[in-house]
Peer 1: 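First the structure, then my questions, so here it is.
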There are 2 protein chains.
Amino acid sequence: MQRTAELFAIGSELLLGDVLDTNTNYLCKQLTGLGARVCRAVMLPDDVNVIADELRSAAARKRTLLITTGGLGPTEDDQTLKAVAIAFGSELVLNEEAYRMVHERYSQLASEGLVESAEMTEPRKKMAMLPEGAVPIFNPVGTAPAVWLEWQPEHVVLCLPGVPGELKGIWENTLPPLLQRLLGKAYFKLVEVIADLCDESKLAPIVSEASSAHPKVYIKSRASRFGRDVKLKITLSVSSDNREEVDAELNSAVAHIVRLLKENGIKAQVHE
Amino acid sequence: MQRTAELFAIGSELLLGDVLDTNTNYLCKQLTGLGARVCRAVMLPDDVNVIADELRSAAARKRTLLITTGGLGPTEDDQTLKAVAIAFGSELVLNEEAYRMVHERYSQLASEGLVESAEMTEPRKKMAMLPEGAVPIFNPVGTAPAVWLEWQPEHVVLCLPGVPGELKGIWENTLPPLLQRLLGKAYFKLVEVIADLCDESKLAPIVSEASSAHPKVYIKSRASRFGRDVKLKITLSVSSDNREEVDAELNSAVAHIVRLLKENGIKAQVHE
């Protein structure tokens with residue numbers, strides 16, 4: 001069974017249009033690559049009750065993994081962990097390991113002269129206040145640890161910082177093996193077919209026929225613009241816990257679509 | 001009263017991480033600039049029932065404007081309009097004006113030799129099947145018209161294509177005056193204060209004090225990374241239907257935060 005995930009990009013600056021969210025795309029790519037299905041991604045303001053409500057709804061949908069990005073910093077508007085505590089009926093408590101991590105980072109930054117002192121002020125301590133039962137994950141780039149809370153057996157909420165460099169640093173440093181254990185073994189493969197035409201309406205019956213014949217394969221054509229030398233991209237992808245099935249389904253669907261294109265006089269190139 | 005909006009980015013390719021969604025950021029910027037508040041933005045797969053459910057929930061929240069992006073094309077997986085029809089209890093019917101628009105575009109493309117003929121095939125006709133009562137909006141770039149449905153007085157769902165160039169083409173060609181009428185007169189202003197430090201934890205009490213003193217102003221500091229010559233950005237913004245109030249609130253909050261920074265020995269620059 002394919003595991004499911006939902007994403008929550010948190011920060012009013014996103015909804016003001018002041019910042020382009022690239023974290024969601026990064027996470028979708030990573031999770032898809034791990035064989036999980038991202039069912040939904042939502043962008044929310046810095047409002048603790050709004051965030052808590054959304055988390056509760058997603059939990060009710062029994063997703064394996066909920067990932068929040070943003071709202072872990074030292075300022076008061078950063079309220080993601082409070083929202084997680086509310087949503088999962090726990091309290092924020094000082095987590096000793098998180099405290100040690102934050103302190104260690106500030107000690108290092110102070111020794112490099114990048115901050116004035118390593119003193120654990122209230123705003124710094126705030127980053128070590130975690131929902132009860134949560135585990136901190138070291139942030140090698142910024143200061144706020146990521147947070148992993150298994151709120152129910154095999155159901156995790158993972159809170160990551162919003163600064164893209166921090167998020168990627170934590171991901172690459174720690175997450176793939178932890179997530180692979182949670183998400184199970186699954187395979188994902190995507191193949192692109194580039195069709196030598198710009199008229200998507202002409203592709204419609206072809207995509208439709210191939211989709212019906214290969215219900216396990218997700219086939220999508222993507223319009224770009226009309227013009228000479230413009231080509232249309234068709235992507236075919238499959239997820240499964242069986243690697244042979246992934247390959248067999250995909251190869252058969254690609255062959256089918258290439259044949260249909262050819263029958264309609266359309267040249268095609270396959271990019272694996 | 002500030003009008004509210006919710007956004008729906010539709011397309012499984014987004015959740016696979018295959019495509020970075022830039023439409024949501026574009027729309028957030030535009031709507032914020034028109035004085036509206038974007039409360040939430042969600043990314044959804046090509047699943048007609050999932051989309052319809054999300055639209056219904058947003059409608060129950062009484063938002064003034066719901067905007068969907070994507071899912072208007074000729075292929076069968078493009079199901080946004082069907083979802084709108086389900087959500088608002090109407091049917092898809094052939095809209096004559098939309099038919100004329102689609103036909104006109106294909107006639108033009110055929111005369112330029114970019115498509116084989118202007119014949120209105122089933123996939124092309126699909127783009128003219130609109131929820132009953134909806135009004136098509138001409139697409140000067142692609143073929144599928146945008147769709148404007150006032151499902152309740154002063155409550156609109158607007159469906160835009162997912163190809164960014166088409167979305168922007170329609171927006172710039174048609175939408176600002178229509179939306180200004182729906183959203184009313186409102187003003188938005190944002191000012192950036194660049195603070196000469198990299199330690200956000202030191203800013204926390206300053207942002208907190210200024211926020212409490214100016215509850216109508218949204219004040220947000222944004223972490224970047226630690227390093228020499230790294231500066232922190234604080235954004236201050238206000239929306240109101242009263243232009244003088246916007247200016248007065250914002251000027252006063254900016255002056256306050258600059259004074260607090262100075263008192264803490266932090267240099268600041270203001271960018272309007």
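Order of the sequence lines sets the chain letters (A, B, ...), proteins ahead of strands, with each chain counted from 1.
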Peer 1: Is B/Val19 in contact with chain A via its backbone, its side chain, both, or neither, using a 4.5 Å heavy-atom distance?
Peer 2: both

Peer 1: Of the backbone (N, CA, C, O) and the side chain (C-beta and beyond), which part of B/Leu16 lies under 4.5 Å from a heavy atom of chain A, both, or neither?
Peer 2: both

Peer 1: Please name the pair of heavy atoms, one in B/Cys28 and one in A/Leu15, separated by the smallest distance, quoted to 0.1 Å.
Peer 2: CB-O, 3.3 Å

Peer 1: Mind ranking B/Leu27, B/Val207, B/Leu109 by heavy-atom pairs under 4.5 Å with chain A and telling me who comes out on top?
Peer 2: B/Leu109

Peer 1: Does any donor atom in the side chain of B/Asp77 or A/Tyr218 lie under 3.5 Å from an acceptor atom in the other side chain?
Peer 2: no

Peer 1: Would you call A/Thr24 and B/Met43 a side-chain contact if the rule is heavy atoms closer than 4.5 Å?
Peer 2: yes

Peer 1: Quick one: what part of B/Glu166 sits under 4.5 Å from any heavy atom of chain A, side chain, backbone, both or neither?
Peer 2: side chain

Peer 1: Between B/Arg222 and chain A, with a heavy-atom cut-off of 4.5 Å, which part of the residue counts as in contact: side chain, backbone, both or neither?
Peer 2: side chain

Peer 1: Is any side-chain heavy atom of B/Ser201 closer than 4.5 Å to one of A/Thr143?
Peer 2: no

Peer 1: Which one wins on heavy-atom pair count under 4.5 Å against chain A: B/Thr121, B/Val141, B/Thr22, B/Asp18?
Peer 2: B/Asp18

Peer 1: For the candidates B/Gly142, B/Gly165, B/Ala9, B/Ser12, which exhibits the highest count of non-hydrogen atom pairs separated by less than 4.5 Å from chain A?
Peer 2: B/Ser12

Peer 1: If you count heavy atoms of other groups shown closer than 6.0 angstrom to CZ of A/Arg63, is the number above 12?
Peer 2: yes

Peer 1: Which bit of A/Lys126 is near chain B, if near means a heavy-atom gap under 4.5 Å: side chain, backbone, both or neither?
Peer 2: neither

Peer 1: If I measure from the heavy atoms of chain A, does B/Thr75 come under 4.5 Å with its side chain, its backbone, both, or neither?
Peer 2: both

Peer 1: With a 4.5 angstrom heavy-atom cut-off, is it the side chain or the backbone of B/Ser237 that approaches chain A, or both, or neither?
Peer 2: side chain

Peer 1: Are A/Cys39 and B/Pro45 packed together at the side-chain level, in the sense that at least one heavy-atom pair is separated by less than 4.5 angstrom?
Peer 2: no

Peer 1: Against chain A, label B/Gln30 side chain, backbone, both or neither, depending on which of its atoms sit under 4.5 Å from a heavy atom there.
Peer 2: neither

Peer 1: At a heavy-atom distance under 4.5 Å, which candidate from B/Lys29, B/Lys220, B/Glu112, B/Glu76 has the highest pair count against chain A?
Peer 2: B/Lys220

Peer 1: Nearest 0.5 Å, what's the OG-CG distance between B/Ser117 and A/Asp199?
Peer 2: 8.5 Å

Peer 1: Just wondering, do B/Glu116 and A/Leu197 contact through their side chains at under 4.5 Å, heavy atoms?
Peer 2: no

Peer 1: At a heavy-atom distance under 4.5 Å, which candidate from A/Ala41, A/Pro161, A/Pro123 has the highest pair count against chain B?
Peer 2: A/Ala41

Peer 1: If I measure from the heavy atoms of chain A, does B/Thr235 come under 4.5 Å with its side chain, its backbone, both, or neither?
Peer 2: side chain

Peer 1: Heavy-atom cut-off 4.5 Å, strictly under: side chain, backbone, both or neither for B/Ile219 against chain A?
Peer 2: backbone

Peer 1: At a heavy-atom separation under 4.5 Å, does A/Leu114 approach chain B through its side chain, its backbone, both, or neither?
Peer 2: both

Peer 1: Would you compute the distance between atom CE of B/Met127 and atom CD of A/Glu200 and round it to the nearest 0.5 angstrom?
Peer 2: 8.0 Å

Peer 1: Check whether any side-chain N or O of A/Asn25 sits under 3.5 Å from a backbone N or O of B/Leu14 as a donor-acceptor pair, and report yes or no.
Peer 2: no

Peer 1: Given that the side chain runs from C-beta out, which part of A/Asp47 has a heavy atom under 4.5 Å from chain B: side chain, backbone, both or neither?
Peer 2: neither

Peer 1: Relative to chain B, which segment of A/Ser239 carries a heavy atom at a distance below 4.5 Å: side chain, backbone, both, or neither?
Peer 2: neither

Peer 1: With a 4.5 angstrom heavy-atom cut-off, which part of B/Tyr26 approaches chain A: side chain, backbone, both or neither?
Peer 2: neither

Peer 1: Do B/Arg40 and A/Leu44 touch side chain to side chain, with heavy atoms closer than 4.5 Å?
Peer 2: yes

